[in-house]
2 protein chains.
Amino acid sequence: MQKLTLKKIAKELDVSISTVSKALRDSHEISKDTRDKIKAFAKLYNYKPNNIALSLKNRKTKTLGVIIPEIVHHFFTTVISGIEKVANERGYNVIIGLSNESFTKEVINMEMLANGSIDGFILSVSKETQLLKDYHHLTETIDQGMPIVMFDRAIKEIGCDKVIVDDVEGARKAVNKLVSLGCKNIGIITTKDYVSVGKLRTTGYLTALTESNLPLNENFILKLNDELNEEAHMDLLEQEIQLLLKNNPEIDGIFAVNEIYALSAMKEALKLGKSIPKDIKVIGFTDGVLSKYATPGLTSVSQHGKQIGEKAADLLIDRLENDHVEPPFQTVVIETELIERASTSEI
Amino acid sequence: MQKLTLKKIAKELDVSISTVSKALRDSHEISKDTRDKIKAFAKLYNYKPNNIALSLKNRKTKTLGVIIPEIVHHFFTTVISGIEKVANERGYNVIIGLSNESFTKEVINMEMLANGSIDGFILSVSKETQLLKDYHHLTETIDQGMPIVMFDRAIKEIGCDKVIVDDVEGARKAVNKLVSLGCKNIGIITTKDYVSVGKLRTTGYLTALTESNLPLNENFILKLNDELNEEAHMDLLEQEIQLLLKNNPEIDGIFAVNEIYALSAMKEALKLGKSIPKDIKVIGFTDGVLSKYATPGLTSVSQHGKQIGEKAADLLIDRLENDHVEPPFQTVVIETELIERASTSEI
DNA sequence: GAGGCTCACGAAAACGTTTTCGTGTTAATA
DNA sequence: TATTAACACGAAAACGTTTTCGTGAGCCTC
């Protein structure tokens, strides 16, 4: 049985299309008799208006486009769950595009969606885009009147709403926690500086140290290549961390900029006969499934991904429904929170 | 600058809309001169046809609807990544709906998308749907001529293409591995039977035991409540597992139907002073991030989520492009694979 | 009984495409 | 020179809605 349309109902009931449309929208232009008859018929055969036709007519699709670098990723999925939640509550759908950290795929995906399929974008740019600093696809879609909300990996130069994590502050909190627990020699395991969040978290680490009047020891800083957090390179990763711990046995606290670095640090510390948290305390960034189920449980900086998604969706929909793509733009900072577990417990 | 349309180009160049359309599609009905002029203009101002208008005209949206129970979930995201890959290669977009394991949300989401927004569904039903056994939303969309491909949690009674994991066989493989490594007393940590995959994996466990002529010891079977794998109930979960291991010290192998159960088992075994894999070997199901980064690394049954997604998308698009919603339907079984790590290594 | 009103409905345009079918002009043919 | 064919383009319909603007019929008023 094919989909019912206004035209078919009109034909069946021997009235005009306009009458059917009006009756279904309860226009009192139509007599109660006809209205009831049409509504009964529509209900009986389960008429639902065609979204595409509505989109074309209204020139809005009630759909948000979300572009992320990766989907097999705890943080991004929590963000999506937040986006989906408010989108659904406010009557919107969510269409997802993956850039796989590739600039080209990001551009193609956005172009594909920008031609009428969606009303606005929520996006976190790919690493390659950050590297190339080529933002023409962003400025062009904004110029065409399509609003964008960036999250997490936001770009200063682009004029649009943003929802970001205060990476510096989150790292500062974490390191401060270690300090307050008595750690005197705190190491950091981070990425090379071209990864923006890695750089920011390193900054937070440095800030916390100076604020606490702790000396900065360059040997305590391990900057790793970004590719090392794949399973295939796990042993290399572990070697590097082992070296850090072996060469600096006085280290009594570790701040790692992601879960994997933190877990590896715990593993290597244990291997070296150290006990956690007694001899060495560890804090990671991103409160994902690894932190929760690690042994011992890993204290970590939660970024509240769901909140980020919710806020981003709200910002975007607000802008769509007041349709002004003009400034002023907001930048919302979502507070991080330290989730404490066994890796930093007092005893 | 608003979006360019055929009409605007036509006006600007003082020709008719049809001429513009034809010129852009390289019709030789139009003289080379006019064609070139129009194409140059379109390129200059970056004309892209409006997808919504095309969708309405062609009565197809080139968009797949994906409905899953949860998105913060390793398995489902790998499936999505597979779907997205194929969809993109074949010129389709992906729109995502989350049921959150709720029957009602599943129905609403599907109805929202079924009215023209998408060409077909890829879905894994919610637990509640499995429980209620109410499939009217599925049969109705199929009756309306919209194809569905179900994956993982498929429903026998529904006539449509399916991509499934052979849970029984995967579990059998895992238990056989334990047997071949010399385990004599193999326990299982599974869910209550109403969770379909839990039940199937339990069946596989039982099959393997009988095939190996190992006695079935009811005490070795721990069936847990589904809600225990949230962080909040972790201690309860661990207590139950601890009891299993304490009461049955002869257990030398554990098969767990998910990663969390497996990790908890390893944790409790270590607490009891057992060594892994020497005293007790452990295998989990679903090869996610936890298995990879656990200490020791957890051997687990990989479901090849990405392949599942790829296959599902291919099946759906094939059906769409040959547009026949009629039988015969395929059920594709994606083989599982045992990923071996330290938790079952020989020494 | 003529004018004006209300009522209940239909025609048509619009959203942005594609495509079929004319149609007027020019050039080639008989 | 008259007929035809090829060429280059335009008008209009269609996809499924919503909405504006008519309009005919019946009624009331003076």
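Order of the sequence lines sets the chain letters (A, B, ...), proteins ahead of strands, with each chain counted from 1. What you see below is based on every heavy atom in this structure, not just the backbone, and it leaves out hydrogens, waters and symmetry mates.
Side-chain atoms of B:Lys22 come within donor-acceptor range of the base of C:dT20, with a qualifying N/O pair under 3.5 Å.
Checking C:dC21, C:dG10, D:dG16 against the side-chain heavy atoms of A:Ser18 singles out C:dG10 as nearest. Listed nucleotides D:dT19, C:dT17, C:dA11 differ in distance to A:Ser21; the shortest reach to its side chain belongs to D:dT19. In this structure, of C:dC9, D:dC15, C:dT18, it is D:dC15 that holds the atom nearest to the side chain of B:Leu56. Checking C:dT17, C:dT19, D:dG10 against every side-chain atom of B:Thr5, the shortest atom distance belongs to C:dT17.
Regarding contacts with the backbone of D:dG16, every side-chain N or O of A:Tyr47 stays at 4.0 angstrom or more from both OP1 and OP2. B:Arg59 has a side-chain polar atom (N or O) that falls below the 4.0 Å cut-off from OP1 or OP2 of D:dG16. The side chain of B:Lys57 places no N or O atom within less than 4.0 Å of a non-bridging phosphate oxygen (OP1 or OP2) of C:dC15.
With rounding to whole Å, A:Ile38 atom CD1 is found 13 Å from D:dT18 atom P. Residue A:Asn115 contributes atom CG, which lies 18 Å from atom P of C:dC15 at whole-angstrom precision. Remark: C1' of D:dC9 and NZ of B:Lys37 are 12 Å apart, rounded to the nearest angstrom. Per the geometry, CZ belonging to A:Arg25 stands 20 Å off P belonging to C:dA8, to the nearest Å. Distance NZ (B:Lys60) to P (C:dT17): 19 Å, rounded to an integer number of Å. As rounded to whole Å, 17 Å separates atom P of D:dA14 from atom CD1 of B:Ile17. Computed from coordinates, the A:Asn50 CG to C:dC15 P distance equals 18 Å when rounded to whole Å. Between A:Leu6 atom CG and C:dG10 atom P the separation is 13 Å, expressed in whole Å.
Surrounding NZ of A:Lys11 are at most 12 heavy atoms belonging to other residues, nucleotides or ligands under 6.0 Å away.
Contact check on B:Asp36 versus B:Lys32 returns a salt bridge, with a Lys/Arg side-chain nitrogen under 4.0 Å from an Asp/Glu carboxylate oxygen. The existence of a salt bridge linking A:Arg90 and A:Asp318 is confirmed by a sub-4.0 Å separation between a basic side-chain nitrogen and an acidic carboxylate oxygen. Between B:Glu101 and B:Arg153, at least one side-chain N (NZ, or NE/NH1/NH2) sits under 4.0 Å from a carboxylate O, which counts as a salt bridge.
For B:Pro49 and B:Glu29, each mapped to the nucleotide of DNA chain C holding its nearest heavy atom, the one lying further toward the 5' end belongs to B:Pro49. Heavy-atom distances to DNA chain D give each of B:His28 and A:Lys48 a nearest nucleotide, and the one nearer the 5′ end belongs to B:His28.
Within 4.0 Å of A:Thr34, counting heavy atoms only, lie sugar-phosphate atoms of the nucleic acid but no base atom.
Note: B:Lys127 NZ to B:Leu132 CG = 14.0 Å, rounded to the nearest 0.5 Å.
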